[in-house]
Structure formats: structure tokens, C-alpha cells
*Asks:* 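Handing you a structure now.
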Amino acid sequence: MITLLFFGPVADSVGQRRIEIEFSSGLRLGILRQQFAQDYPEAVRWVSFVAVNGVQARDDDIQIVDGSEIAFMAKFSGG
Amino acid sequence: MITLLFFGPVADSVGQRRIEIEFSSGLRLGILRQQFAQDYPEAVRWVSFVAVNGVQARDDDIQIVDGSEIAFMAKFSGG
Amino acid sequence: MKAPVRIQEEDFSQDDEIAALKLVSVRMGGIATFLGCARDFSEGREVSAISFDAYDSMALAEMNALRDEAIKRFGLIDARLVHRVGTVHGGDNIVFIAAGAEHRAEAFDACRWMIDTLKERVPIWKKEITPTGDAWVVPHP
Amino acid sequence: MKAPVRIQEEDFSQDDEIAALKLVSVRMGGIATFLGCARDFSEGREVSAISFDAYDSMALAEMNALRDEAIKRFGLIDARLVHRVGTVHGGDNIVFIAAGAEHRAEAFDACRWMIDTLKERVPIWKKEITPTGDAWVVPHP
């Protein structure tokens with residue numbers, strides 16, 4: 001399983017804080033991104049960063065391993 | 001009367017924190033300075049600033065009025 | 001003793017944080033702190049409350065990395081960072097950062113760098129609750 | 001409520017000072033503080049205690065003038081300055097400065113300016129008490 005995590009404005013727009021999806025071998029970040037944009041066209045407008053297992057990831061070619069946590073994140077506004 | 005005030009290293013060197021002296025008309029800051037340097041040659045080495053009634057005074061021509069408080073001060077080292 | 005880096009709902013005490021910071025060494029001559037507070041007004045709008053959401057595990061890791069980097073980069077003796085989540089009201093504390101160094105210049109530079117960098121790197125989001133509705137804050141680039 | 005500018009023998013609480021500062025306005029978004037502490041070591045010498053002497057009336061007037069100038073110059077909402085006199089030991093608080101502003105940049109700039117300027121303008125003198133004798137501190141130019 002892969003867990004998609006949403007916070008703040010992204011969570012509000014998606015209407016959920018986490019979604020679990022089936023893992024399929026050969027999964028890359030870019031595929032998850034595209035799927036997310038297709039499923040949540042409103043939410044994706046907020047997204048500025050993606051983190052894979054708590055580390056920011058910019059490369060769509062990153063291979064996603066089973067059990068990963070992918071966070072789609074808006075610009076940070078803490079502090 | 002004129003009150004001379006000493007603090008910190010100047011007070012330690014003079015051996016007193018205040019000295020009262022007679023007022024004489026026409027008294028100027030320069031005269032007090034000279035007198036102090038003559039009476040306390042050790043203490044005067046510490047002195048970097050003079051204040052007249054709580055305000056720094058650099059001009060030796062300043063006229064001293066009766067009842068004034070003159071502070072002979074070392075470089076500040078607070079904070 | 002509380003951890004030097006924390007994300008928490010409850011308020012914190014500056015006295016406690018400073019006491020914990022000082023325990024590290026009596027060679028600390030200067031401590032610079034920054035306290036961010038909730039304002040009742042933001043860019044012309046009245047704000048009733050501010051609500052914070054965080055990606056807790058990542059935010060904590062980033063804040064710890066910030067602390068390590070600040071200590072190394074500015075030669076600090078120690079540093080602490082606390083950020084609140086949940087809902088706060090006008091005047092309430094939001095974030096506290098303390099930098100302790102031998103001398104004040106490093107403490108000031110490090111404290112400022114930590115709050116500036118926290119805003120850039122730490123996954124926390126702020127929503128302003130106003131009489132006319134709620135709005136997530138989008139930082140200016 | 002304690003005065004915003006004080007010279008005193010007793011210790012102070014950051015929590016109390018910050019609470020007093022915040023009372024002025026809920027429009028204060030950033031508070032920068034500086035806390036100066038006694039170190040047990042100075043320029044290679046072990047220091048057992050530090051003793052402070054002040055020209056109280058002039059020092060208080062200069063600190064009040066500093067506060068007024070900082071508020072005006074940096075657009076602060078408020079500021080507080082407390083300096084201890086008498087004898088303090090390693091780790092003890094010496095001086096506390098807090099600057100509250102709408103935004104953090106002004107708060108940091110003002111806090112730093114106040115401690116830098118306090119050292120230049122306020123008639124207070126420091127004596128280091130060491131195992132090998134006492135020495136008044138002469139600041140480097």
C-alpha cells in the first residue's frame with residue numbers, strides 16, 4: 001500500500017487527510033502526481049511541494065517503494 | 001555646593017563615591033577637570049566622560065551653576 | 001526536561017525554555033529569542049483566530065535539522081524551537097526560537113536565520129479565521 | 001505593572017516582561033528579545049562573579065531615551081529594558097531587552113540596536129571578580 005497525505009489547504013480541498021492506494025511495481029512519483037491532478041483538479045492548484053517519506057522530492061522519476069508515504073503539500077505558512 | 005560623583009573604577013581609585021565642594025561664581029567645567037586631575041592623578045586616567053547634571057558635557061567652557069552634580073566617568077561597560 | 005525542538009498544542013513558557021537553554025553551559029553570554037504571536041489583524045482584515053496544521057513528523061525533523069544547522073553555522077552553544085499547532089487567538093504565542101552563544105552577534109544572526117528558514121522549510125500551514133470566513137494563508141514569494 | 005525601563009538588583013522573569021509588553025496591543029506579531037548572562041570565563045580568565053555599578057539616575061534616563069528612540073526609529077509597538085546591578089554569578093541574568101513590532105524584521109533590528117547602543121550610552125560599569133583578583137572591565141574601542 002501507498003499512503004497519500006494531505007494537510008492544510010490541500011486536505012480541505014481533497015476532503016480527506018489520507019488516502020491509501022494499492023502499490024504496483026515500477027511505480028514512479030510522476031505517475032502519482034498525474035493521477036492526483038486528474039482526481040483532484042481543485043486541490044492540485046494548491047500543491048507546491050511533494051515529499052516522499054518526509055523528504056522533499058522534485059524528480060518525477062523517483063521510484064516509489066511499497067509502504068511509502070507521499071505528501072502533496074501547499075506552500076508552507078508556519079511561523 | 002557642587003557635588004562630584006564617582007562610580008565603578010573611578011570611585012575605587014578616588015576611594016569615595018562623592019565629594020562636595022564649595023561653589024564659587026564663574027566656575028567652569030574646565031576648572032573642575034583640572035582640579036580633579038591634580039588631586040587624583042590615578043583616577044583621572046580612567047575618566048573618559050564627564051556629565052553635568054546627568055547630561056554628557058564635552059565643552060570645558062560650560063558654566064557650572066550652584067547645586068550642580070558633576071560625574072567623572074570611565075568608559076561604560078554595562079550590558 | 002522538555003525536548004529542545006517541539007510541536008505542541010499547549011502554550012509554552014519563555015522562562016522554562018531559557019532555563020533549559022542555559023543549563024547547557026555557563027559560557028553563554030548572549031541569548032537572542034524570537035516570539036511570534038497571533039495578531040488580531042492581517043493585511044487589512046480582522047482575524048478572530050488562527051488555526052495551524054502540520055505534517056508533524058516531517059516538521060519536527062526539519063526543525064531538528066534547522067537547529068543542528070544553526071548551531072554549526074553560527075557556532076551556537078545551543079538553540080531551541082517550539083511551534084504550536086491547533087487554534088490560537090489574538091495575542092497568543094505561536095512560535096518561539098532561542099539561540100544561545102558566547103557573544104550576542106552570533107545569537108542574533110542565528111535566531112533570525114532560524115525563523116526565516118523555518119518559514120521556508122517547515123511543513124506547517126496557517127488558516128486565518130475571520131468574521132467573513134476562513135482562508136488559508138498563501139505566503140508571498 | 002512594572003515600569004518598562006528598570007535598573008534593579010533582583011532578577012526578572014522573561015514571561016512577566018513579555019506579558020507586560022503584549023498588553024500594549026494584540027497587533028504585535030513579532031517580539032525579539034536579548035538576554036545577556038554572566039559567563040564563568042572571559043578572555044581566558046575564570047570569572048567567579050561580576051559586580052555592576054551604575055549612575056542610576058542618568059542610566060535610567062538614558063535607557064528611557066533609548067526606548068523612545070527605538071520605538072520611533074524602528075516603528076515598534078513597544079519595548080522594555082531591564083538591567084541588573086550588584087553582584088551576579090555564572091549563568092545569572094544581567095540585561096534583558098524586548099522589542100515588539102507588527103513584523104519580525106523591525107523587532108530584530110530594534111532589539112539589536114538597543115543592546116548595542118545601551119553598551120555605548122548607558123553609565124554602568126562592570127567588574128570581574130576572579131580567583132586572582134578583581135578588575136574593572138575596559139571595553140575595547
Side-chain angles (χ1 to χ4, degrees), chain A residues 1-21 23 27-29 32-33 35-37 39-60 62-79, chain C residues 6-8 34-39 42-43 47 50-66 81-88 93-97 111-129 133-141:
Chain A
M1 297 289 262
I2 303 292
T3 306
L4 307 186
L5 296 177
F6 315 115
F7 304 95
V10 182
D12 272 7
S13 186
V14 169
Q16 291 185 79
R17 295 182 68 80
R18 58 189 297 148
I19 293 176
E20 308 231 307
I21 59 174
F23 172 72
L27 188 62
R28 286 174 196 276
L29 182 57
L32 284 173
R33 251 194 226 272
Q35 193 62 49
F36 179 75
D39 295 349
Y40 301 100
E42 289 298 318
V44 81
R45 292 184 198 162
W46 284 100
V47 174
S48 288
F49 311 109
V50 177
V52 177
N53 297 317
V55 177
Q56 278 198 47
R58 286 184 187 83
D59 183 358
D60 274 348
I62 287 174
Q63 188 101 24
I64 304 297
V65 299
D66 196 9
S68 290
E69 238 183 43
I70 319 293
F72 290 94
M73 304 184 292
K75 271 193 190 161
F76 310 147
S77 54
Chain C
R6 305 194 309 279
I7 293 174
Q8 62 187 39
F34 177 74
L35 178 67
C37 307
R39 300 162 67 214
S42 169
E43 296 177 7
V47 176
I50 303 177
S51 164
F52 288 92
D53 190 17
Y55 182 1
D56 286 328
S57 58
M58 182 177 169
L60 208 56
E62 291 284 348
M63 283 163 69
N64 270 298
L66 257 179
L81 299 94
V82 185
H83 200 298
R84 291 179 72 189
V85 287
T87 302
V88 301
N93 295 330
I94 294 170
V95 60
F96 178 75
I97 294 183
C111 187
R112 196 162 189 161
W113 180 83
M114 282 190 280
I115 181 64
D116 288 350
T117 312
L118 179 146
K119 283 172 180 271
E120 280 168 21
R121 290 196 201 162
V122 178
I124 298 180
W125 297 271
K126 179 188 335 207
K127 181 165 66 176
E128 288 175 351
I129 297 162
D134 303 355
W136 288 100
V137 172
V138 181
H140 308 293

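Within every chain, numbering begins at 1; the chains are lettered A, B, ... in the order of the sequence lines, protein sequences first and strands thereafter.
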*Asks:* What's the shortest heavy-atom distance between M58(C) and A51(A), and which atoms?
*Replies:* SD-CB, 3.7 Å

*Asks:* Specify the closest pair of heavy atoms between G78(A) and F52(C), including all atoms of both residues, with the distance to one decimal.
*Replies:*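 Looking at all heavy atoms of both residues, the shortest contact is CA-CE2, 4.5 Å.
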
*Asks:* Just how far is it from atom NZ of K119(C) to atom CZ of F76(A), taken to the nearest 0.5 Å?
*Replies:* 13.5 Å

*Asks:* Over all heavy atoms of both residues, which pair between G79(A) and K126(C) is shortest? Give the atoms and the distance, please.
*Replies:* O-NZ, 3.3 Å

*Asks:* Which one, R84(C), K127(C), E62(C), R121(C), leads in non-hydrogen pairs under 4.5 Å with chain A?
*Replies:*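 Greatest number of close heavy-atom pairs with chain A: R121(C).
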
*Asks:* Assess whether atom CZ of R18(A) is packed by more than 12 heavy atoms of other residues, nucleotides or ligands within 6.0 Å.
*Replies:*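 Open: at most 12 neighbouring heavy atoms sit under 6.0 Å from CZ of R18(A).
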
*Asks:* Which bit of A54(C) is near chain A, if near means a heavy-atom gap under 4.5 Å: side chain, backbone, both or neither?
*Replies:* backbone

*Asks:* Closest approach of G8(A) and D53(C), non-hydrogen atoms and distance?
*Replies:*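 Distance-wise, the nearest heavy atoms are N-OD2, 2.6 Å.
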
*Asks:* Is there a side-chain contact between P9(A) and W125(C) in this structure, where contact means two heavy atoms from C-beta onward sitting under 4.5 Å apart?
*Replies:*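 Yes; the side chains approach each other to less than 4.5 Å.
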
*Asks:* Examine whether an atom of V138(C) lies under 4.5 Å from a heavy atom of chain A, and if so say whether it belongs to the side chain, the backbone or both; otherwise answer neither.
*Replies:* side chain

*Asks:* With a 4.5 angstrom heavy-atom cut-off, could you sort out which part of A74(A) is near chain C: side chain, backbone, both or neither?
*Replies:*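 Its backbone and side chain both get close to chain C.
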
*Asks:* Can you name the nearest heavy-atom pair linking Y55(C) to A71(A), along with the distance?
*Replies:* CE2-CB, 3.5 Å

*Asks:* When heavy-atom pairs shorter than 4.5 Å are enumerated against chain C, which of L5(A), D12(A), N53(A) gives the highest number?
*Replies:*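 The answer is D12(A).
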
